[in-house]
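Lettering follows sequence order; numbering is per chain, from 1.
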Amino acid sequence: MVGGALLFQTFDARYAGLGAGAVFSPMFYPRIVLGIWITLAAILVVKGLRAGQSAAAAHRAGRFALLLGLLVIVIAALPFAGFLLATTLFVLLAPPILGYRRPVPWLLTAALFPAAVWHIFNNLLNIPLPASAWISGL
Amino acid sequence: MDHIPGALALLLEFDILLVMLAGTTLGIVVGALPGLSSAIALTICLPFTFALSQAAAITLLLGAYCGSVAGGSISAILINTPGTLASASTALDGYPMAARGEAEKALGWAMCASVFGGLFSTAVLVLIAPQLAAFALRFGPVETTAVIFLALTCIASVSRGSMIKGLLAGMVGLFLAAIGSDPITGDLRFDFGYFPLSAGIALVPAVVGLFALSEVLIRAWRPGGTEGEITRFSGMRIPGLAAWKNRLRLLLKSSVIGSSIGILPGTGAAVASFISYAEAKRTSPRRDALGTGEPDGIVASEAANNAVTGGALVPTLALGIPGDAVTAIMLTTLVIHGVTPGVRLMQDNPTIVTAIFLALFAINIIMLILAYLLAPGFSRILKTPPALLQACIVVLVLVGAYLARGNLFDVWVMLGAGLIGFFLRINGAPVPPLVIGLVLGPQLELSLRQSLIITDGDLSGILTQNPISVVFLVAALLFLLLPLYRHLRPA
């Protein structure tokens, strides 16, 4: 479906005038790729239907969703909170989501690892990581 | 030969030696941790390469690559859980040896075989890569299109999972590479009016997301496994020369198998070690003991999987075509540092190429020393809680994605790539074809369009006008038809 939508997009009016004077339109190559994409996906769908439904492997959707949600929040917070605060929040919350409960190693890692990475890049390697808009110097 | 003094001077700088040690150590440690692959070892190193010089960055990645392949044997031997898939066959004899109280000896066999395999394949790289590059100088757009097509079909057909899923992943990679400006006309495509997309999808955030982040997401998705019991051991014991005497033939044969398989795109260390193990099981004088703790099994598996390292670099350096995910990451880093692998690499950057060859020799020797020194600490390394490790990997992944171009849009790209990698993996589709498609996509499109200009838009001209391209395209067709033949062949 994604491939089909993208192929449909290549016929959009905004691409019609592109590549004037060129032997092939800029959409020539993407259409080939998307055409093969859709064909392969169709073969997979047919194969899947012929094989019938297989039992889904055991999984932990709740844990996955929580971790993904945390990642989205952390990435969205990077421009405001800065690298150090955002990643400290991540290392503080991710281990319990992943099922780790021993407080001393967990809290030590949350306190030290993001700070060490931040220090190495910002101060030793002179490569600035996103700074906090709320607290200067972080 | 003329460039050896310059390359040596480059490698003997203090910071290069330091990153060589750091990269190899990190590689051994990451390789030893179950489930963390060589690709993850390299993605962890990526953010640090932005602060390093050309030679230092390459040395860091080479150290991590070789170290991680060898490190995989540690957990295979000590907890019967291979650190990387490449060491799965090492566990077949390594763990039984450890279980009967010979873990030190098993580690010694594994590391020595790894070092021999690595040195042998580096010699193969030194001998073959310049010849292949010299031959490839004859390549024009038509031949380049054909060789990239061959690489993609080869990778998709031999990747784990179904060939169709592999090809589909490759197509997704090729499409993602087409986002941004057209290579011939410069017109913008698929930017959906969103400015950051006009520059296209950056390779580093995509690669980091596809491998490292998707691994973390997969581990969150799947129910946690039980951790293996760590065998008691005190260090590493290197086997004496008398013990090696009976196994030199096996060592050499396994190294030849590993180097040859490494050169073929898409095969990788796991395939090499299994084939080599099967060959040992067929021909070794001690074949009846294989699987019960016989050093031949460890030697066959480890010499072959480490011999892949040099072999895999042959097409990467000589043709600019990465054979697997690890060499794709390495190729990306080389490009970021202004070194373009491919037919002109040997001519344009002879000192860097010579430095890569020498660094590989040095890394393989350093690896043995480091493994010997680190061995007593392996049990502590293997006890690292996976949840803490994954949280730390995400921090480094964020750094790597952001530093690629210094913008936060790339961090979102990394998250998107992580989700694509996650969905591919839970559906049994291989991720490497996507990365290879992403890396080779721009070159494939450019070569194809240039070829069509040369042939006046006649697609059949690409197929028929040039004998070299015909050979590549026939080989590609064979790779596509082989699984079909196997499927239709009567049992």
Separation between CD1 (A:I75) and CE (B:M414), nearest 0.5 Å, reads 4.5 Å
Output for pair (B:L398 CG, A:L129 CG), nearest 0.5 Å, gives 10.0 Å
Would you mind writing out the side-chain donor-acceptor pairs for residues 104-118 of chain A within the sub-3.5 Å range, not counting sequence neighbours?
{"residue": "A:W106", "atom": "NE1", "partner": "A:L92", "partner atom": "O", "Å": "2.8"}
{"residue": "A:T109", "atom": "OG1", "partner": "A:P105", "partner atom": "O", "Å": "2.6"}

Comparing B:G441, B:P47, B:A401, B:C392 against chain A, the one with the most heavy-atom pairs below 4.5 Å turns out to be B:C392
Interface check, chain B: of A:A94, A:P130, A:G99, most non-hydrogen pairs under 4.5 Å belong to A:P130
Point to revise | Heavy-atom side-chain contact between A:F28 and B:R449 under 4.5 Å | key: yes
Max heavy-atom pairs within cutoff under 4.5 Å with chain A, candidates B:D182, B:V411, B:L388, B:L444, goes to B:L388
Filtered by a 4.5 Å non-hydrogen cutoff, the part of residues 416-425 of chain B contacting chain A is B:L419, B:F422
Honestly, the part of B:L168 sitting under 4.5 Å from a heavy atom of chain A is both
The interface call for B:Y402 against chain A, heavy-atom contacts under 4.5 Å, is side chain
Side chain B:R189, main chain A:M27, donor-acceptor under 3.5 Å: no
The interface call for B:L52 against chain A, heavy-atom contacts under 4.5 Å, is neither
Applying a strict 4.5 Å limit to non-hydrogen atoms, the region of B:L217 in contact with chain A is both
Heavy atoms of A:P30 and B:E445 approach each other most closely as CD-OE2, 4.4 Å
Closest non-hydrogen contact found for A:Y100 with B:A387 is CB-CB, 3.5 Å
*Test item: B:V395 and A:F83 side chains (from C-beta on) under 4.5 Å apart, heavy atoms*: yes
* To do: Give a yes or no on whether the backbone of A:L98 and the side-chain of B:R219 come within a donor-acceptor separation of less than 3.5 Å.
  => no
Applying a strict 4.5 Å limit to non-hydrogen atoms, the region of A:P96 in contact with chain B is neither
| field | Atom CZ of A:R31: over 12 foreign heavy atoms under 6.0 Å | value | yes
(Q) Taking the side chain as everything from C-beta on, heavy atoms only, tell me whether B:V394 gets closer than 4.5 Å to A:V74. (A) no
Rounding to 0.5 Å, atoms CG (A:L34) and CZ (B:F190) come to a distance of 5.5 Å
So CG of A:L68 and CG of B:L415: to nearest 0.5 Å the spacing works out to 6.0 Å
How about B:F48 and A:F121: are their ring centres within less than 6.0 Å of each other?
yes
- Task: Step by step, work out the side chain to side chain contact (heavy atoms under 4.5 Å, CB included) result for B:V172 and A:V33.
- Result: CA-CA 8 Å; B:V172 174; A:V33 171; over 6 Å; no
- Item | Sub-4.5 Å side-chain heavy-atom contact between B:L174 and A:Y29 | yes
Of the listed A:L44, A:I43, A:V2, A:T39, the one with the largest count of heavy-atom pairs under 4.5 Å with chain B is A:L44
Margin query: Are A:L67 and B:V216 packed together at the side-chain level, in the sense that at least one heavy-atom pair is separated by less than 4.5 angstrom?
Written below: yes
So does B:A220 get a backbone contact from the side chain of A:R63, meaning a donor-acceptor N/O pair under 3.5 Å? yes
query: Does any non-hydrogen side-chain atom of A:L125 lie less than 4.5 Å from one of B:F50?
result: no
Whatever's closer than 4.5 Å to a heavy atom in chain B on A:L6 counts as both
| Does some side-chain heavy atom of B:W412 sit less than 4.5 Å from a side-chain heavy atom of A:V72? | yes
* Asked: Above 12 or not: heavy atoms from other molecules or residues under 6.0 Å from CZ of B:F195?
  -> no
All heavy atoms of B:L403 vs all of A:P128, minimum pair found to be CD2-O, 4.2 Å
Heavy atoms of B:R222 and A:R60 approach each other most closely as O-CD, 4.3 Å
